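The structure appears below as structure tokens.
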Amino acid sequence: MINTDILGMMAPQFRSLEPYSPIEPVDVLSARLGIPEDKLVKLDGNENPYGPSPRAREALASFRWYNIYPDPLQRELRDALAKYTGAASEHILVGNGSDELIDLTMRLFLTPGDKVISCPPTFGMYKFNTEVCGGEIVEIPRVGGLYLDIEAIKNAVDRRTKLIFICSPNNPTGNTVSNEEITELLSTGAVVIVDEAYFEFCGCTAVPLVPYKDRLIVLRTFSKWAALAGLRVGYGIFPAVIAETILRMKPPYNVNVAALVAAKATLDDLDRQQKVVRAITDERHRLYSGLSNIPFLKPTPSQANFILCSLKEGSAANLKAFLMEQGILIKQIDSAPFTNAIRVSVGRPEDTDALLQALGQWDIQ
Ligand SMILES: Cc1ncc(COP(=O)(O)O)c(C=O)c1O
């Protein structure tokens with residue numbers, strides 16, 4: 001008999017899945033707020049306000065082969081990434097954003113009921129994607145909201161634990177994890193994934209360890225430092241056997257030609273892009289000191305392109321709404337112990353000025 005209960009036919013984990021809460025698109029917000037798109041101060045997505053490298057724009061404009069499928073083996077970009085990262089190209093894979101590499105890694109390792117360790121407050125995709133894959137998320141809170149509890153993580157690992165996700169610098173706290181801590185976590189036998197989405201803003205990396213470890217994966221992205229978030233291009237450095245297997249299981253044309261062309265052109269224009277990164281890290285200092293002078297905020301030092309601030313008074317939801325009315329978009333954070341907090345991306349000097357001025361006018365209720 002044909003099963004007529006369509007919900008009952010779905011894989012069980014999807015029947016009650018909480019959706020991931022993404023950032024709202026600029027055109028939607030612009031229409032809702034009645035503020036033109038280019039007047040919005042967008043500090044909610046850790047995007048790069050300077051836009052892609054001019055060489056990336058030119059390469060996209062002059063590319064002639066949009067009618068042809070991309071190289072499934074991503075050879076040209078993987079070779080360029082080998083030079084950029086210092087890892088051999090057989091260790092490198094490119095994804096449709098690093099989000100896709102999180103998904104592919106989980107699908108490679110997880111069978112229903114397998115466990116994934118994540119250390120909140122941290123990036124929400126680790127939990128979301130574990131649930132999508134029918135796995136079980138085990139959350140080991142950070143000490144004081146910031147530091148990994150290495151002993152608690154080690155004690156939580158059991159025979160069902162396959163993966164440990166570590167974000168460094170961590171979103172939303174902005175602090176890093178040391179290679180000693182990563183090595184310690186590898187001693188558990190689980191696969192450790194270090195998410196370095198914000199690497200360029202701090203320079204600390206676990207990539208040099210990958211060739212010597214059979215269970216260490218490092219993920220990175222072009223979304224932040226290279227300003228290509230809309231094109232969706234991320235990459236990972238994997239042990240060779242994992243990279244080979246993912247190459248066999250991934251959708252063949254997972255990264256579109258525009259993303260491949262723009263990422264390669266960005267790597268050919270490193271001096272310009274590094275200047276942009278420096279402009280952002282310089283601005284981070286100015287933003288941090290400005291936020292420190294706001295009496296109701298307590299900012300956390302950051303090595304990324306955003307700053308987490310706890311509110312000493314007033315509500316983060318009200319503050320977010322107040323700023324939004326003025327076209328300033330920030331992210332509200334509600335993850336213990338930062339349950340009344342905001343995360344502000346580092347923008348251009350004029351974005352900092354607009355934010356600080358608006359914060360100065362907030363009437364705490
Ligand atoms: C820690 C972290 N990892 C991964 C991503 C996703 O990157 P991508 O745009 O490459 O999918 C983000 C995006 O905000 C992030 O904060």
Side-chain angles (χ1 to χ4, degrees), residues 20-25 42-49 51-52 56 74 77 81 84-85 92-106 116 118-130 132 142 146 148 163-177 182 192-202 204-207 217-237 250-251 254-256 258-260 262-263 266-267 280 300 302-308 329-333 335 338 343-347:
Y20 184 76
S21 68
I23 335 168
E24 292 215 81
K42 193 166 179 348
L43 304 176
D44 56 348
N46 303 339
E47 291 135 333
N48 184 330
Q74 313 156 341
L77 184 54
L81 281 167
Y84 177 62
T85 61
I92 300 173
L93 279 185
V94 187
N96 192 310
S98 55
D99 281 348
E100 187 191 33
L101 297 169
I102 295 172
D103 181 54
L104 287 168
T105 303
M106 288 201 186
V116 175
S118 169
C119 302
T122 195
F123 186 45
M125 283 298 284
Y126 314 141
K127 178 169 190 283
F128 173 78
N129 228 115
T130 300
V132 164
R142 287 166 176 258
L146 295 178
L148 293 184
L163 308 174
I164 302 175
F165 272 84
I166 302 297
C167 189
S168 179
N170 184 44
N171 177 5
T173 54
N175 61 317
T176 55
V177 167
I182 290 161
V192 176
I193 299 102
V194 183
D195 183 343
E196 295 186 355
Y198 301 96
F199 156 71
E200 281 77 5
F201 304 106
C202 79
C204 313
T205 181
V207 166
I217 296 173
V218 175
L219 300 181
R220 299 222 190 127
T221 180
F222 282 81
S223 293
K224 314 296 179 182
W225 73 287
L228 296 180
L231 280 179
R232 314 301 302 124
V233 53
Y235 64 97
I237 321 288
K250 76 175 180 65
N254 61 322
V255 185
N256 69 71
L260 293 172
T266 305
L267 295 175
I280 293 171
T300 307
S302 169
Q303 303 212 56
N305 67 337
F306 52 80
I307 296 178
L308 175 70
L329 313 173
I330 52 127
K331 187 169 166 72
Q332 184 186 341
I333 301 293
S335 179
F338 302 101
R343 190 199 67 198
V344 187
S345 307
V346 181

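Quick caveat, the model's predicted, so the values are computed rather than measured. Both ligands and their constituent atoms are indexed starting at 1 by order of listing. Start at 1 with the first residue, then count along the sequence.
Here the heavy atom of the protein found nearest to atom 12 (C) of ligand 1 is F123 CZ, 3.4 Å. For atom 6 (C) of ligand 1, the closest heavy atom belonging to the protein is D99 OD1, 3.3 Å. Scanning the protein for heavy atoms near atom 7 (O) of ligand 1, the closest one is S98 OG, 3.1 Å. K224 NZ, 2.8 Å is the protein heavy atom nearest to atom 14 (O) of ligand 1. In terms of protein heavy atoms, atom 16 (O) of ligand 1 is closest to Y198 OH, 2.7 Å.
Scanning both residues, P172 and F306, for their nearest heavy atoms gives O-CE1, 3.4 Å. When every heavy atom of A263 is checked against every heavy atom of V233, the shortest pair comes out as CB-CG2, 4.1 Å.
Evaluated by nearest non-hydrogen atom to atom 9 (O) of ligand 1, the leading choice among S223, A229, S345 is S223.
Aromatic ring centroids of F123 and F165 lie 6.0 Å or more apart.
Contact annotation: for N171 versus ligand 1, heavy atoms closer than 4.0 Å belong to the side chain alone. Residue-level proximity to ligand 1 for A197 is carried by the side chain, the only part with a heavy atom below 4.0 angstrom.
Close approach of ligand 1 to C167 (heavy-atom distance below 4.0 Å) involves ligand atoms 1 (C). Near R232, with a cut-off below 4.0 Å to any heavy atom, the atoms of ligand 1 are 8 (P), 9 (O), 11 (O).
In this model, no donor atom of one side chain and acceptor atom of the other lie less than 3.5 Å apart for T85 and R220.
Using a non-hydrogen distance threshold of 4.0 Å, F222 does not register as a contact of ligand 1. Using a non-hydrogen distance threshold of 4.0 Å, D195 registers as a contact of ligand 1.
In this structure, the side chain of T221 does not engage the main chain of G234 through any donor-acceptor pair within 3.5 Å. When atom types are taken as modelled, the side chain of N305 and the backbone of W225 share no donor-acceptor pair closer than 3.5 angstrom. A side-chain donor-acceptor contact under 3.5 Å links R343 to the backbone of D44.
The 12-atom threshold is exceeded at NZ of K250, counting heavy atoms of other residues, nucleotides or ligands nearer than 6.0 Å.
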